[in-house]
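Worksheet for the structure shown next.
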Amino acid sequence: MMYKNMLFVVALAFISCNGVSQKKETAQKVNAPKKEFTVNKTEEEWRKELTEEEFYVLRKAATENPFTSELLENKEKGTYVCAGCGTPLFKSETKFRSGTGWPSFYQEIEGNVAYDVDYKIGYKRTEEHCATCGGHLGHVFEDGPKPTGLRHCINGIALDFVPESK
């Protein structure tokens, strides 16, 4: 009896992870036209310009380990820019402590962040990219502070910090 119950639970898990709506949206995403970015480089060119860690996060959509970013505790005033192309992405005044282990912001610099959908961990998430070079930044969630209610959860390695001029 216990064996049958375990088999039922496993079968249910497989069925629930493969819903019809996910198939439809995933199919639409796969068939969507490829986005064009202002900065286009070959994989070899990106590998020459970026560190190995930056390359895997920005170009292969990897995620850095939590609580490892030097920018996590940065409290200086300035601008967070794309580590791949230097595009300004977030202002320091929109950064907040989320407790997640990654630098978090409640607002992006409008027009400089592009959005897409990913299902890499089995459910729909809003993925963020640099709108100039397409570099993977992280994801945005709807559990952030006012005024936007958003939490842009960003890989610190995908960012460089430019301090405000004094």
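For the numbers below, each heavy atom of this structure counts, side chains included, while hydrogens, waters and symmetry mates do not. Counting begins at 1 with the first residue of the sequence.
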Give the intermediate values and the outcome of salt bridge (charged side-chain N to carboxylate O under 4.0 Å, His left out) for residues E127 and K120. CA-CA 10 Å; E127 184 177 10; K120 291 180 184 125; 3.6 Å; yes

Test side chain to side chain contact (heavy atoms under 4.5 Å, CB included) applied to E64 and S69, step by step: CA-CA 8 Å; E64 70 185 355; S69 173; 3.6 Å; yes

Should V117 and R125 be marked as a side chain to side chain contact (heavy atoms under 4.5 Å, CB included) after you check the CA-CA gap, both sets of side-chain angles, and the distance that decides it? CA-CA 6 Å; V117 175; R125 296 185 301 170; over 6 Å; no

Let me see the working for Y106 and L150 under side chain to side chain contact (heavy atoms under 4.5 Å, CB included), right down to the final yes or no. CA-CA 5 Å; Y106 63 78; L150 298 176; 5.5 Å; no

In sequence, state the C-alpha distance, the side-chain angles, and the governing distance for L72 and F67, and then conclude on side chain to side chain contact (heavy atoms under 4.5 Å, CB included). CA-CA 7 Å; L72 186 60; F67 301 102; 3.8 Å; yes

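Close placement of the F90 and F105 rings is indicated, their centers lying within 6.0 Å of each other.
Judged by distance alone, with hydrogens and angles left aside, the side-chain atoms of K95 form a donor-acceptor pair with the main-chain N or O of N74 at under 3.5 Å. Not a single donor-acceptor pair under 3.5 Å links the side chain of T87 to the backbone N or O of C82. With N112 contributing its side chain and L89 its backbone, the two residues share no donor-acceptor pair below 3.5 Å.
Of the candidates H136, H139, H152, H152 is the only one forming a side-chain hydrogen bond (donor to acceptor under 3.5 Å, both in side chains) with E128.
At least one side-chain heavy atom of T63 sits under 4.5 Å from a side-chain heavy atom of W102. In this structure, W46 and E54 have side chains that are not in contact, with every pair of non-hydrogen atoms separated by 4.5 Å or more.
Atoms CG and OG1, on D116 and T126 in that order, are 9.0 Å from each other to the nearest 0.5 Å. If you take CD1 on I157 and OG1 on T68, they are separated by 7.5 Å, rounding to the nearest 0.5 Å. To the nearest 0.5 Å, atoms CG (D143) and OG (S104) are separated by 8.5 Å.
Here the shortest heavy-atom pairing between T100 and C153 reads OG1-SG, 3.9 Å.
Here R97 pairs with E73 in a salt bridge; the nearest charged N to carboxylate O distance falls below 4.0 Å.
Under the 3.5 Å distance criterion, with hydrogens and angles disregarded, a donor-acceptor pair is assigned to the side chains of T79 and K91.
More than 12 heavy atoms of other residues, nucleotides or ligands sit less than 6.0 Å from atom CD of E45. Remark: E70 CD is loosely packed, at most 12 non-hydrogen atoms of other residues, nucleotides or ligands lying under 6.0 Å away.
Partners of K41 under the side-chain hydrogen bond (donor to acceptor under 3.5 Å, both in side chains) rule, at least two apart in sequence or in another chain, are E49.
Using bins of under 30°, 30° to 60° and over 60° for the plane-to-plane angle, the ring pair H129/F37 lands in the tilted bin.
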